[in-house]
Amino acid sequence: MRYKAVVVDDEQPICDEIEYLLNQSMDVDVCAKFSNSLAALAFILENPADIIFLDIQMPGLSGLEFGKKLNALPNPPLIVFITAYQEHALEAFGTPAVGYITKPVTEDKLSHVLHKIRNLTAKKISSPDPVSATRICVTAKGKIKPLDRKDIVLVYVIEKDVFVRTKDEEFECPLTMKELEDVLTEPLFLRVHRQYIVNLEQIGEIVPWFRGTYLLRMNDFKSQEVPVSRKRLKRFKQAVGLK
């Protein structure tokens, strides 16, 4: 997906710098930039955008007032507030804001916000009807990539970050483990542990483990070892035909 972005800041050099940094991203097109908030609002009402990079402290119409007007639109754009004052952050999130960046604006700060936006977009694409989804959208090098379910070897979570692994690659996924469990269902997939969902056809070995459980060696590029929890042991044995 490509994003149409508008930059609004009453300091023209800051507008120019944000435009320059955004142009380094392959999936972001800066379609306009404004140092006047009223002119920016008039443009956006006629030319819908995906993301607005918006200064909070502006003469005439402040960024917060601007954001509230955008919130009244049927499909408001995502807003990233640009501010020199961190105390505005909580008030800023009362508008349709996906985040805020404190000045000076840097490549790292923009990259962090864009990563969040890409994940949000991928989640919207993946989750309208998760039960009937035939593909899972993951992120790879700033791009959204749909994967066929049959190509997934395993899914795992570390803290709150979810990863999907195929035989040859690994990707981040914006969905939660619960959402993926609703999509990756039997007879092909099974959640064998609170941290793992596996493709039952991609199990290379089932190794007897302690307390009557098993360790699974998966057919991915890391030969990942996945434990079967005691809580899910009975269902696993039924799924693979073990007595």
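If you're wondering where the values come from, they're calculated on a predicted model, not measured in any experiment.
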### Message
In the structure I gave you, are the side-chain heavy atoms of I79 and I51 within less than 4.5 Å of one another anywhere?
### Response
no
### Task
Using the side chain to side chain contact (heavy atoms under 4.5 Å, CB included) rule, take K145 and T139 through it: C-alpha gap first, then chi angles, then the decisive distance, then the call.
CA-CA 6 Å; K145 179 175 181 177; T139 54; over 6 Å; no
### Task
Might you point out which heavy atoms bring V155 and I152 nearest each other, and give the distance in Å?
CG2-CG2, 4.0 Å
### Query
Any Lys/Arg nitrogen of R2 or D29 sitting under 4.0 Å from an Asp/Glu carboxylate oxygen of the other?
yes
### Task
Measure the spacing between OG1 of T166 and CG of N219 and express it to the nearest 0.5 Å.
12.0 Å
### Task
Supply the atom-to-atom distance Y196 OH to S229 OG, rounded to the nearest 0.5 angstrom.
12.0 Å
### Message
For F163, I'd like to know if atom CZ has over 12 heavy atoms of other residues, nucleotides or ligands within 6.0 Å.
### Response
yes
### Sole candidate of R232, R191, R194 that passes salt bridge (charged side-chain N to carboxylate O under 4.0 Å, His left out) when paired with E181
R191
### Task
Indicate yes or no: does D9 engage K103 in a salt bridge with an N to O separation below 4.0 Å.
yes
### Spacing of CZ belonging to F81 relative to CD1 belonging to I101, to within rounding of 0.5 Å
12.0 Å
### Summary
Between the CZ atom in R149 and the CG atom in L180, the distance rounded to the nearest 0.5 Å is 11.0 Å
### Message
Between D148 and K150 (side chain of the first, backbone of the second, donor and acceptor by atom type, cut-off under 3.5 Å), is there such a pair?
### Response
no
#### Entry: Q238 atom CD, neighbour heavy-atom count above 12 within 6.0 Å
yes
### Message
Is it the case that the side chains of E19 and N23 hold a donor-acceptor pair, with the cut-off being a distance below 3.5 Å and no angle test?
### Response
no
### Task
May I ask you to decide if V6's main-chain N or O and K33's side chain share a donor-acceptor pair within less than 3.5 Å?
no
### Message
Does K109, at its NZ atom, have more than 12 non-hydrogen atoms belonging to other residues, nucleotides or ligands within less than 6.0 Å?
### Response
yes
### Query
Same cluster for V183 and Y156 if Ile/Leu/Val/Met/Phe/Trp/Tyr side chains link at under 4.5 Å?
no
### Query
Shared ILVMFWY cluster between Y3 and I18, side chains joined below 4.5 angstrom?
yes
### Task
Please test Y214 against L233 for side chain to side chain contact (heavy atoms under 4.5 Å, CB included), starting from the C-alpha separation and ending with a verdict.
CA-CA 8 Å; Y214 297 95; L233 180 60; 3.6 Å; yes
#### Entry: P77 to I52 - nearest heavy-atom pair and separation
CG-CG1, 3.7 Å
### Query
Has R165 got its NZ or CZ under 6.0 Å from the middle of the six-membered ring of F221, at an angle within 45 degrees of the ring axis?
yes
## Note on the structure
Output for pair (D151 CG, R135 CZ), nearest 0.5 Å, gives 9.0 Å
### Message
Taking the side chain as everything from C-beta on, heavy atoms only, tell me whether M218 gets closer than 4.5 Å to I203.
### Response
yes
### Task
Measure across F53 and L110 and return the closest heavy-atom pair with its distance rounded to 0.1 Å.
CE2-CD2, 3.5 Å
### Task
Look only at the side chain of S62 and the backbone of M58, and say whether a donor-acceptor pair between them is shorter than 3.5 Å.
no
### Message
To check you understand the geometry: which heavy-atom pair defines the closest contact between L54 and G63, and what is its length?
### Response
CD2-O, 3.4 Å
### Message
Tell me if the centroids of the rings in F43 and F34 come within less than 6.0 Å of each other.
### Response
yes
#### Entry: Pairwise side chain to side chain donor-acceptor pair (under 3.5 Å) hits with a residue in residues 199-213, at least two apart
E205-R217
### Query
Short question: side chain of Q24, backbone of L21 - any donor-acceptor pair under 3.5 Å?
no
### Query
Does one hydrophobic cluster hold both V153 and V226, with members joined at side-chain heavy-atom distances below 4.5 Å?
yes
### Query
Are D108 and H112 close enough that a side-chain donor and a side-chain acceptor fall under 3.5 Å?
no
### Message
If I take atom OG from residue S37 and atom CD from residue E65, how far apart are they, to the nearest 0.5 angstrom?
### Response
8.5 Å
### Message
A quick test of your reading: do over 12 heavy atoms of other residues, nucleotides or ligands sit less than 6.0 Å from CZ of R230?
### Response
no
